[in-house]
Amino acid sequence: MRPDKTLGVLGGMGPAATADFLRVLAERTPAGTDQEHPRMIVYSHTITPDRTTFLLGKGPDPTEYIKDGLKTLIGWGADMLCVTCNTAHHFIDGFRDEIEKPIVHIIDETILKSSQICPQGAWLTATLGTMRTGLYQKHAKESGYTFRIPDEQMQVEIHDVTDMVKAGQHKEAGEKFRGIVERLWEIEKLPVVGACTEIPIAYANTGLDPQMGISCLEALADGCIRELYYKK
């Protein structure tokens, strides 16, 4: 069952989300021994400028940092790639043709997982950067899936939750996110998609039904496993 390909993981956006992705991937991998797990190269490229800050017109462009990170992983021997940041995929979509190795795309994988779990739709929770680009909405439209969008004020609150996770305030983030989710469920009881890699960490600290949270980290891990183990 040992895959032939080496997976390159571009992380550090943020560090806690990258660490959680590695945990999720290890737990979901169909391996019985150390030797059956995939070879991985992890680049925690923490100097990458904040993606949302740039998209809101307040900081430097992260494009070249993301591109350099992916090309560095290829140079180190990665056969396929993934990036543990949703908003980064807005930039990746602009230069994807320049990357010579396949990328397991977190947006497409999360939409696939959402459509399998709840075909009628789901709440989309993400950073302001991801929401303002319409990244998920554009990719979902291509596959015929529909997301429910929180109002502007809740989007700001959700972004604050992601910042709290980045700052290590996981319990506090969970408490804040629980209140947001409960307000969304008063409108319509649909699963909540964590479309920022910090949000699954926050959701895990809400005490809410795990089945009602759809994790982009789990979706990305499942996509990587499919490509590593099952795709010829």
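Residue numbers run from 1 in the order of the sequence given.
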note = What one should report as the nearest heavy-atom pair of P38 and Y229 is CD-OH, 3.1 Å

query = From N86 CG over to C196 SG, what is the distance, rounded to the nearest 0.5 angstrom?
reply = 6.5 Å

query = For the side chain of R2 and the backbone of H37, is there at least one donor-acceptor N/O pair under 3.5 Å apart?
reply = yes

message = Any heavy-atom pair between the side chains of I66 and F95 that's under 4.5 Å?
response = yes

task = Measure the shortest side-chain to side-chain distance between T46 and P15 over non-hydrogen atoms and say whether it is less than 4.5 angstrom.
result = yes

ask   = Side chains of K113 and E218: closer than 4.5 Å at any heavy-atom pair?
value = yes

ask   = Of the non-hydrogen atoms in P62 and F91, which two are nearest, and what is the gap between them?
value = CG-CZ, 3.6 Å

query = So W123 and I149, side-chain contact (heavy atoms from CB on, under 4.5 Å) or not? Walk me through it.
reply = CA-CA 6 Å; W123 285 107; I149 307 299; 5.8 Å; no

query = Does one hydrophobic cluster hold both V192 and V161, with members joined at side-chain heavy-atom distances below 4.5 Å?
reply = yes

task = Could you tell me which non-hydrogen atom of E36 sits nearest to which non-hydrogen atom of P3, and how far apart they are?
result = O-CD, 3.9 Å

query = Are L7 and I74 co-members of a hydrophobic cluster defined by side-chain heavy atoms under 4.5 Å apart?
reply = no

query = So, W185 side chain and L190 main chain: donor-acceptor pair closer than 3.5 Å or not?
reply = yes

query = Hey, is E100 close enough to K71 for a salt bridge, meaning N to O under 4.0 Å?
reply = no

ask   = Could you state the interatomic distance from OG1 (T197) to CE (M13), rounded to the nearest 0.5 Å?
value = 8.5 Å

Single-linkage hydrophobic cluster I111~I225, side-chain heavy atoms < 4.5 angstrom = yes

Least distance between heavy atoms, L220 atom then V104 atom = CD1-O, 3.6 Å

task = Verify side-chain contact (heavy atoms from CB on, under 4.5 Å) between D93 and H139, making sure each step is shown before the conclusion.
result = CA-CA 11 Å; D93 284 352; H139 280 258; 3.0 Å; yes

inquiry  = So which atom in A173 and which in V165 form the shortest heavy-atom distance, rounded to 0.1 Å?
reply    = CB-CG2, 3.7 Å

inquiry  = Would you say that more than 12 heavy atoms from the other residues, nucleotides or ligands in this model lie under 6.0 Å from the NZ of K138, or not?
reply    = yes

key: Under-4.0 Å salt bridge between R23 and D20   = yes

remark   = The reported gap from CE in M212 to SG in C118 (rounded to nearest 0.5 angstrom) is 7.5 Å

request  = Determine whether Y65 and I47 make a side-chain contact, defined as any pair of heavy atoms from C-beta on separated by less than 4.5 Å.
outcome  = yes

task = Hey, could you give me the CD/NZ distance between E157 and K176, rounded to the nearest 0.5 Å?
result = 5.0 Å

request  = Answer yes or no: is there a side-chain heavy-atom contact under 4.5 Å between K101 and M80?
outcome  = no

inquiry  = Run the side chain to side chain donor-acceptor pair (under 3.5 Å) test on T84 and T18 for me, step by step, so that the C-alpha distance in whole Å, both residues' side-chain angles and the decisive distance to 0.1 Å come before the verdict.
reply    = CA-CA 6 Å; T84 57; T18 304; 3.1 Å; yes

request  = To the nearest 0.5 Å, tell me how far R226 CZ sits from K231 NZ.
outcome  = 7.0 Å

side-chain contact (heavy atoms from CB on, under 4.5 Å) assessment of H89 paired with H105 = CA-CA 8 Å; H89 287 71; H105 199 286; 3.7 Å; yes

message = So P102 and E227, do their side chains get closer than 4.5 Å, heavy atoms only?
response = no

task = Determine whether T125 and L184 make a side-chain contact, defined as any pair of heavy atoms from C-beta on separated by less than 4.5 Å.
result = yes

query = In the single-linkage hydrophobic clustering (I, L, V, M, F, W, Y; side-chain heavy atoms under 4.5 Å), do L217 and M40 co-cluster?
reply = yes

key: Note: R178-E175 ion pair, threshold 4.0 Å (strictly below)   = no

key: Expected output: side-chain Q137 to main-chain F147 donor-acceptor under 3.5 Å   = no

Side chain T206, main chain L208, donor-acceptor under 3.5 Å = yes

query = Any side-chain heavy-atom pair from F21 and S215 closer than 4.5 angstrom?
reply = no

task = Look at the side chain of Q155 and the backbone N and O of P150, then say whether any donor-acceptor pair between them is shorter than 3.5 Å.
result = yes

request  = I would like to know whether L10 and L81 meet side-chain contact (heavy atoms from CB on, under 4.5 Å); could you show each step before the answer?
outcome  = CA-CA 8 Å; L10 183 58; L81 304 160; over 6 Å; no

request  = Consider only side-chain heavy atoms of I, L, V, M, F, W and Y, link residues closer than 4.5 Å, and tell whether Y145 and V193 are in one cluster.
outcome  = yes

Please set out all donor-acceptor pairs under 3.5 angstrom arising from side-chain atoms of residues 126-133, sequence neighbours excluded.
| residue | atom | partner | partner atom | Å |
| --- | --- | --- | --- | --- |
| T127 | OG1 | T52 | OG1 | 3.4 |
| T127 | OG1 | T87 | OG1 | 3.0 |
| T127 | OG1 | T130 | N | 3.1 |
| T127 | OG1 | T130 | OG1 | 3.2 |
| T130 | OG1 | T87 | OG1 | 2.6 |
| R132 | NH2 | E152 | OE2 | 2.6 |
| T133 | OG1 | G129 | O | 3.3 |
| T133 | OG1 | T130 | O | 2.9 |
| T133 | OG1 | L135 | N | 3.2 |

request  = Would you check if the side chain of W76 reaches a backbone N or O of V42 as a donor-acceptor pair within less than 3.5 Å?
outcome  = no

inquiry  = Can you tell me how far apart CD (E182) and CD1 (I187) are? Round to the nearest 0.5 Å.
reply    = 13.0 Å

task = Determine the minimum heavy-atom distance between D209 and Y203, stating which atoms define it.
result = O-OH, 2.7 Å

